[in-house]
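Below is one structure, written out as structure tokens; the observations come after it.
Letters go in sequence order (proteins before strands), and every chain restarts at 1.
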There are 2 protein chains.
Amino acid sequence: MDGSFEPIERAPAYMKVFRAIEEKISSGALKDGAHLPTEADLCAQFGVTRSTVREGLRLLEQAGLIVRGPAKKFFIKRPAASDIAAAASKSFALGGVTFSEVWDALATMYPEAARLAAMRLSKARIGELEKSGDALKAARDDDHEATVEGAVAFFQLIAKGLDNRVMLAMLQSLNLMIGESLRHVIARAPKAKDRILDAQRKLVEAFKARDGDVAADWMTKHIADLKRGYEVAKVDMDAAIL
Amino acid sequence: MDGSFEPIERAPAYMKVFRAIEEKISSGALKDGAHLPTEADLCAQFGVTRSTVREGLRLLEQAGLIVRGPAKKFFIKRPAASDIAAAASKSFALGGVTFSEVWDALATMYPEAARLAAMRLSKARIGELEKSGDALKAARDDDHEATVEGAVAFFQLIAKGLDNRVMLAMLQSLNLMIGESLRHVIARAPKAKDRILDAQRKLVEAFKARDGDVAADWMTKHIADLKRGYEVAKVDMDAAIL
DNA sequence: TTAATCCTATTGTCGGACAATAGCAATATG
DNA sequence: CATATTGCTATTGTCCGACAATAGGATTAA
């Protein structure tokens, strides 16, 4: 006989609200850009009170599935690569990952990204890379903020040019972390701007020539060089990034 | 003159509650594993009502910064790599990334991961890899679930062995996505198990020999082979993963 | 026609209330 | 004495009702 019972489904109501709406989003029943019904409507539909609905909405909000539109109304938004990257890098920081872990990942992934980029970057994207370099060149040598932005923008353009949202999100989360940390050491790294510009120039040449090996090679050097800046600045690579 | 005013800080109270607690966590004032005060306490401390506090808690909950302990009490938890990976892969799925994007990322990143693994895997970890292979070999050939688990477990062990939480999270999120999708096609991929086992064997050999080039090479083949399974199964690689 | 004003729908916050539940203490039972 | 049951208490989950704040649209004034 089987007179025993299954454990009954016992999740808080706000969680069920969250899951229900999440389901409707992932199934496409609630399309990207559509407005969420008002809280009062949701109360009626789910048969719960506004407090409960609102707790569910907070979950959706933090999950990045809904964003505030005009008039505070929520509308549906499927998470973009940049959202994932931002959330991930924040979590990494909170999780206490170290500089060396980030740089290690950077050194592992970006050369291959560069190799791929050599094959895949559009002419327009390569043009953007050159323009970004020109902008950096035009900046004053002691404008460290411009140097950091120029370095990060270059990585960013490569990541975007791969035309792959998964890799974009991953590389972008690395970009966010190195950008934040570069800012703190750039002032102490002599000649950083010149060396960055040189590497970028070589990389663009490789991209133009569609030479993946050379691109990967220069990216390796570029990253090693950036890392050296950290060592010169005597940053403890085993400390957590903030 | 500058008689103009800055835009005043106007964030909802529940958001401020969220940020305040998040701050205390990231600054270390609330240590990992510590219990959060009761809702009533938080009300008193922040000077807001329980509804407001609870909405803030929902944000923290979804952000993965607090988890339910026994007795429903919350305690602090810094996000681990696996949390980040799970959140990211979920977001990728909701964002509608395609099979080919995932496989593209896989093919780009894992060979380099394997190269690194050849240098970095501990003997114990390599032993685990072999044991995982033995377990897969022992499974029945038509036990597709075991095949999928064996394939994913192998990737998982390599990712863990890199001893880098950033890469672990990234590779793990890929693992989650391919695992989920492999499950749907494995039955239609003939001889999949044998070919997987063969690649795994070659990879372990390369790891033992600490030969990064060979490891990267076999990983490339292994992944290409898995991908071919998809093509044989006539999966639309441009469709969104679910 | 444009600018100021009112109106309305919706969100943000409040306060209180009570049921549900987990953990613990007290009690009963053998 | 050991164990099982019961009751107690603190805390969370949910509900209700209320009101201020605000954004947008409608309406009126210029």
Side-chain angles (χ1 to χ4, degrees), chain A residues 4-25 30-77, chain B residues 4-25 30-77:
Chain A
S4 58
F5 294 100
E6 303 291 314
I8 59 177
E9 174 61 45
R10 249 160 25 83
Y14 65 80
M15 188 64 71
K16 292 183 183 171
V17 169
F18 167 62
R19 296 219 190 95
I21 298 178
E22 183 191 35
E23 219 298 301
K24 278 222 190 292
I25 294 175
L30 277 173
K31 281 168 203 147
D32 200 8
H35 280 278
L36 212 55
T38 66
E39 294 177 353
D41 279 349
L42 292 171
C43 293
Q45 295 183 35
F46 287 114
V48 297
T49 47
R50 256 185 77 214
S51 317
T52 304
V53 164
R54 283 175 63 85
E55 290 189 38
L57 291 180
R58 292 296 86 81
L59 292 174
L60 289 165
E61 185 178 11
Q62 182 64 24
L65 292 172
I66 58 178
V67 293
R68 272 169 208 303
K72 293 182 181 173
K73 294 173 83 161
F74 279 114
F75 62 92
I76 311 294
K77 172 164 167 294
Chain B
S4 58
F5 294 101
E6 301 293 311
I8 60 179
E9 173 61 44
R10 247 162 23 87
Y14 65 79
M15 188 64 72
K16 291 183 183 170
V17 169
F18 167 62
R19 296 219 189 96
I21 298 178
E22 184 191 35
E23 219 293 305
K24 277 221 192 292
I25 295 174
L30 277 173
K31 282 169 202 148
D32 200 9
H35 280 277
L36 214 55
T38 67
E39 294 177 355
D41 278 350
L42 291 172
C43 293
Q45 293 184 36
F46 287 114
V48 297
T49 51
R50 220 156 64 87
S51 318
T52 304
V53 164
R54 283 175 63 84
E55 291 189 37
L57 291 180
R58 294 295 86 82
L59 293 174
L60 289 165
E61 187 179 9
Q62 182 64 24
L65 292 172
I66 59 179
V67 294
R68 272 170 209 301
K72 293 182 179 171
K73 292 172 82 163
F74 279 114
F75 61 93
I76 311 297
K77 175 166 165 296

A:Ala11 or B:Thr38, whichever maps to the more 5' nucleotide of DNA chain D: B:Thr38
For chain A and DNA chain C, what are the first and last nucleotides along the strand, 5' to 3', with at least one atom under 4.0 angstrom from a heavy atom of the protein chain? C:dT10 to C:dA22
For B:Ala11 and B:Lys16 the tightest heavy-atom approach is O-CE, 3.5 Å
Can you check whether B:Val67 reaches B:Phe75 side chain to side chain, under 4.5 Å on heavy atoms? yes
Using a cut-off of strictly less than 4.0 Å between a heavy atom of the residue and any atom of DNA chain D, enumerate the qualifying residues of residues 45-62 of chain A by number. A:Gly47, A:Val48, A:Thr49, A:Arg50, A:Ser51, A:Thr52
Sub-3.5 Å pairs of nitrogen or oxygen atoms, protein against nucleotides 23-26 of chain D:
from, atom 1, to, atom 2, distance (Å)
D:dA23, O3', A:Ala71, N, 3.3
D:dG24, OP1, A:Ala71, N, 2.9

Just the rounded figure in Å: distance from C1' of D:dT14 to CE of A:Met15. 15 Å
Applying salt bridge (charged side-chain N to carboxylate O under 4.0 Å, His left out) to B:Glu39 and not counting sequence neighbours gives B:Arg50, B:Arg54
For A:Tyr14 and D:dC15, what is the distance between atoms OH and P respectively, to the nearest whole Å? 13 Å
Show, in sequence, the C-alpha distance, side-chain angles and deciding distance for A:Arg58 and B:Phe18, and conclude whether the side chain to side chain contact (heavy atoms under 4.5 Å, CB included) test is met. CA-CA 11 Å; A:Arg58 292 296 86 81; B:Phe18 167 62; over 6 Å; no
How would you list, by chain and number, every residue that makes a salt bridge (charged side-chain N to carboxylate O under 4.0 Å, His left out) with A:Arg68, sequence neighbours excluded? A:Glu61
Check whether any side-chain heavy atom of B:Ile21 sits under 4.5 Å from a side-chain heavy atom of B:Leu65, and report yes or no. no
Atom of B:Leu59, atom of B:Met15 and distance for their closest heavy-atom approach: CD1-SD, 4.1 Å
So which atom in B:Ala20 and which in B:Phe46 form the shortest heavy-atom distance, rounded to 0.1 Å? CB-CE2, 3.7 Å
Could you work out, with side chain to side chain contact (heavy atoms under 4.5 Å, CB included) as the rule, every residue matching A:Val53, not counting sequence neighbours? A:Leu42, A:Cys43, A:Val48, A:Leu57
Would a 4.5 Å heavy-atom cut-off, applied to side chains only, mark B:Ile66 and B:Lys77 as touching? no
